[in-house]
2 protein chains.
Amino acid sequence: MSAKRDSSGAGGRRVTIADVARKAGVSRATVSRVLNGQDTVDPVLAGRVRQVSRRLGYHPSAIAQGLARGASHTIGVVVPDLANPFFPEVVKALTVAAGKDGFSVVVADSDEDPEAELRLIQDVSRRVDGLVLCSPRAGIADLRRVVRKGLPTVCTNRMVDPPLTASVTIDSGRGMQAVIRHLAELGHRRIAYLAGPPSSSSNADRLGALERSLPDAVVIPTGSKSQEGYASAAAAAEAGATAVICFNDLVAFGALARLRTLGVAVPAEVSVVGFDDIPAADFVHPTLTTVRLPKAELGRTSWEVLRDQLGGHGASASVRLEPTLVVRESTGKAAGVAGNAVAVGERAGS
Amino acid sequence: MSAKRDSSGAGGRRVTIADVARKAGVSRATVSRVLNGQDTVDPVLAGRVRQVSRRLGYHPSAIAQGLARGASHTIGVVVPDLANPFFPEVVKALTVAAGKDGFSVVVADSDEDPEAELRLIQDVSRRVDGLVLCSPRAGIADLRRVVRKGLPTVCTNRMVDPPLTASVTIDSGRGMQAVIRHLAELGHRRIAYLAGPPSSSSNADRLGALERSLPDAVVIPTGSKSQEGYASAAAAAEAGATAVICFNDLVAFGALARLRTLGVAVPAEVSVVGFDDIPAADFVHPTLTTVRLPKAELGRTSWEVLRDQLGGHGASASVRLEPTLVVRESTGKAAGVAGNAVAVGERAGS
DNA sequence: GTGAAAGCGCTAACAC
DNA sequence: GTGTTAGCGCTTTCAC
């Protein structure tokens with residue numbers, strides 16, 4: 001029971017490369033070479049170094065390596081809300097892809113607050129080699145102010161014009177067009193849109209596409225959460241819509257729930273469509289017709305584009321991915337006559 | 001091509017503290033003092049430094065600060081699967097709480113692979129001041145091997161015995177007991193459990209509690225995803241169970257879907273219960289009775305416990321949180337029990 | 001109050 | 001092949 005700070009890093013001071021060098025009777029440079037897999041070292045020494053190194057429980061400090069090498073092998077990703085099922089999938093694909101290339105990912109959640117987002121961007125920028133801004137909510141002017149020129153950055157799931165950085169986006173407008181076509185084929189004429197947050201550029205895209213091809217659609221300001229969908233659904237029904245397009249699946253879930261409590265049959269009386277295709281879309285009842293956004297691809301591609309920049313392959317790419325309409329049970333032929341007999345009184349606040 | 005590294009970090013070299021010092025006509029030490037809010041500097045100089053600093057677009061490198069201060073103000077969190085709705089909520093609460101204390105969070109997703117998990121733990125350990133292991137899947141021996149003594153660590157949502165690190169857990173067994181009591185009150189006698197992954201300690205807890213109070217329950221190996229729940233549900237029905245307890249909500253969703261396709265009414269013929277209480281639980285149909293795990297609290301508390309360790313407040317804490325049963329529509333009186341002749345299937349005409 | 005100097009732990013020329 | 005020597009960008013005694 002004597003001082004045994006040998007096996008596996010002792011409680012006290014951390015083991016450094018100097019400790020290993022000393023114990024192994026070589027220079028720090030040699031230790032560094034061995035541990036970084038350089039083949040220019042005498043096999044005997046190399047073996048000794050490796051042995052001492054593991055006996056001492058030595059683990060090189062990534063911080064120090066970062067300083068010395070001028071690259072931390074860490075990137076940052078800023079998201080508005082990790083609790084929104086859309087983002088974890090993107091972040092997961094991103095971290096896994098980056099991890100395969102030896103990069104760690106710092107995740108920052110702005111909680112849908114543009115101010116906080118700006119702060120996080122600046123903060124994270126100080127400690128990473130590159131940055132992914134996922135659906136940033138901040139205004140373009142603010143964004144321009146905090147995005148560091150010189151720091152490889154890709155803006156994901158938001159179109160910024162003129163482009164501020166490389167970008168990976170999804171053609172939301174096309175998704176909306178597909179929805180409109182689908183509903184038209186089913187005979188729907190009176191359509192309502194439960195709009196997302198004004199700060200969301202996806203929402204702007206969808207709204208734009210909607211108004212372009214369906215100028216008389218009823219637009220109801222809603223939000224991005226189920227509760228908000230629940231609150232807005234009644235208004236859509238009141239407006240006599242036979243089809244309700246929702247900003248995202250979460251909102252659609254809320255709408256579905258509300259319509260059920262109102263006794264409005266889906267899709268017999270009203271059709272409902274979402275955006276995202278989160279996993280639960282396949283398990284609500286009726287299962288949800290929705291526009292599938294390639295979330296994993298978004299994350300993976302974001303990393304690839306960022307990696308190119310990190311590698312100095314300059315030219316900011318601008319990739320655009322395509323969504324696909326997934327038709328399930330929540331959409332059907334339009335009811336013969338618009339409107340329904342149900343009294344739609346109360347509307348929850350918020 | 002003259003060097004114009006003046007206004008806002010030029011394309012080339014990054015602006016360092018030395019640049020600021022030179023332009024402001026002071027020493028680097030003074031710049032450091034000013035920017036770190038020390039009040040021992042001549043206000044005039046301080047003002048000049050601040051001005052030059054922002055004019056040059058200087059942002060201290062967190063990497064270099066980390067090396068110099070011996071702390072990176074970054075912690076790591078390793079999760080099995082960010083796509084499982086349970087984890088994003090924990091991670092979100094964790095990152096937000098840590099962020100308030102000025103800490104960044106590196107997120108690593110092991111994709112449910114114990115091998116990968118071990119690798120990630122070691123990798124992340126090299127670049128952080130502390131570590132949160134969220135529901136680690138690796139074996140205890142492996143875990144013991146890679147968890148660095150000396151690196152503040154908290155193990156969340158998994159009981160390790162004997163304790164390897166500080167821990168924050170949820171008393172899953174109590175949750176299971178509440179479920180059993182609830183089902184007993186409803187008259188259920190024949191109960192099936194769709195078990196989670198063997199590597200999950202939550203599953204072990206639940207299974208243990210189940211077998212202790214209900215030795216003759218039918219246990220069906222299942223997994224943690226909806227698909228798996230879908231696959232196992234038929235077996236539960238075949239076994240004549242009037243109530244199905246599912247490892248988690250995702251599995252319950254799958255079971256719900258399968259029972260529907262089998263024409264089994266929930267809860268009239270079979271009751272279904274989940275674990276977690278993910279947001280969608282309130283939007284499936286019927287809405288899901290489930291054991292709510294305090295996910296946000298888990299994340300927040302994990303940070304607090306870790307922070308205490310970082311602050312040197314030694315003694316590894318061991319916090320245990322309580323789950324609560326949330327009764328919704330998916331559970332009801334056991335078939336055949338007096339008082340429940342009503343068919344509850346108000347399914348909208350599909 | 002302010003500057004000079006010595007590191008933090010590591011890597012990478014550059015000698016030998 | 002291997003050791004020596006400079007740094008990477010910052011903080012922090014310690015003199016002045």
Side-chain angles (χ1 to χ4, degrees), chain A residues 9 12-50 52-53 56-74 102 125-129 148 150-151, chain B residues 5 9 12-50 52-53 56-74 125-129 148 150-151:
Chain A
R13 208 176 108 281
R14 95 168 267 154
V15 183
T16 81
I17 198 172
D19 299 325
V20 178
R22 200 176 317 116
K23 280 266 192 196
V26 299
S27 73
R28 297 174 331 192
T30 296
V31 176
S32 176
R33 287 183 188 114
V34 173
L35 269 38
N36 287 313
Q38 293 198 28
D39 50 323
T40 69
V41 179
D42 183 318
V44 179
L45 284 193
R48 205 195 307 161
V49 166
R50 261 187 283 270
V52 171
S53 161
L56 256 42
Y58 170 65
H59 299 276
S61 152
I63 297 285
Q65 286 182 322
L67 225 211
R69 297 208 250 243
S72 63
H73 272 201
T74 300
S125 292
R126 303 199 307 118
R127 55 182 75 246
V128 298
D129 297 340
R148 287 238 269 290
L151 183 71
Chain B
R5 63 162 105 71
R13 211 174 107 282
R14 96 170 265 154
V15 183
T16 81
I17 199 173
D19 300 324
V20 178
R22 199 175 317 118
K23 281 266 192 198
V26 298
S27 73
R28 297 176 329 194
T30 296
V31 175
S32 176
R33 287 184 187 111
V34 172
L35 269 38
N36 287 313
Q38 294 198 27
D39 50 324
T40 70
V41 179
D42 183 319
V44 180
L45 284 193
R48 205 193 309 160
V49 166
R50 260 187 284 271
V52 171
S53 163
L56 256 42
Y58 170 66
H59 299 275
S61 152
I63 298 284
Q65 286 182 320
L67 223 210
R69 297 208 249 244
S72 63
H73 271 201
T74 301
S125 292
R126 303 197 310 117
R127 55 181 77 245
V128 298
D129 297 340
R148 288 240 268 290
L151 182 71

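In this structure, the side chain of B/Arg48 engages the main chain of B/Ala24 through a donor-acceptor pair within 3.5 Å. Using modelled atom types, one side-chain atom of B/Arg14 and one backbone atom of B/His59 make a donor-acceptor pair closer than 3.5 Å. A donor-acceptor pair is defined here as one N or O able to donate and one able to accept, closer than 3.5 Å; such a pair exists between the side chain of A/Asp42 and the backbone of A/Val44. Checking side-chain atoms of A/Arg33 against main-chain N and O of A/Ala46 turns up no donor-acceptor pair under 3.5 Å.
A straight line from CG of A/Asp19 to P of C/dC8 spans 11 Å, rounded to a whole angstrom. Counting to the nearest Å, the C1' atom of C/dC10 and the CD1 atom of A/Ile17 are 6 Å from each other.
Partners of A/His73 by ring pair (Phe, Tyr, Trp, His ring centres under 6.0 Å), not counting sequence neighbours, listed by chain and number: A/Phe103. Listed by chain and number, the residues in a salt bridge (Lys or Arg N to Asp or Glu O under 4.0 Å) with B/Asp129 amount to none (sequence neighbours excluded). Listed by chain and residue number, nothing satisfies the side-chain contact (heavy atoms from CB on, under 4.5 Å) test with A/Ala68 (two or more places apart in sequence, or in another chain).
Side-chain contact between A/Val34 and A/Leu45: absent, with no pair of heavy atoms (C-beta onward) separated by less than 4.5 Å. Side-chain contact between A/Val31 and A/Ser53 is absent, with no heavy atoms from C-beta onward closer than 4.5 Å. B/Arg126 is listed as a side-chain neighbour of B/Arg148, based on a closest heavy-atom distance under 4.5 Å.
With the nearest nucleotide of DNA chain C identified for both A/Val31 and B/Asp42, B/Asp42 has the one nearer the 5' end. Nearer the 5' end of DNA chain C, as judged by each residue's closest nucleotide, is the contact made by B/Val26, out of A/His59 and B/Val26.
Taking a heavy-atom distance under 4.0 Å as the criterion, the stretch of DNA chain D touched by chain A extends 5' to 3' from D/dG1 to D/dG9.
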Nucleotide N/O to protein N/O under 3.5 Å, stretch nucleotides 12-14 of chain C:
unit_1: C/dA13; atom_1: N6; unit_2: A/Arg33; atom_2: NH2; d: 3.4

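When all heavy atoms of A/Val49 and A/Val26 are compared, the closest pair comes out as CG2-CG2, 3.9 Å.
For C/dG3, the OP1/OP2 oxygens have a side-chain nitrogen or oxygen of B/Ser27 closer than 4.0 Å.
Using a 4.0 Å heavy-atom distance criterion, A/Leu45 is classed as a sugar-phosphate-only contact.
End-to-end axis angle of the helix from C/dG1-D/dC16 to C/dC16-D/dG1, from C1' rotation axes over five pairs per end: 40° (rounded to 10 degrees).
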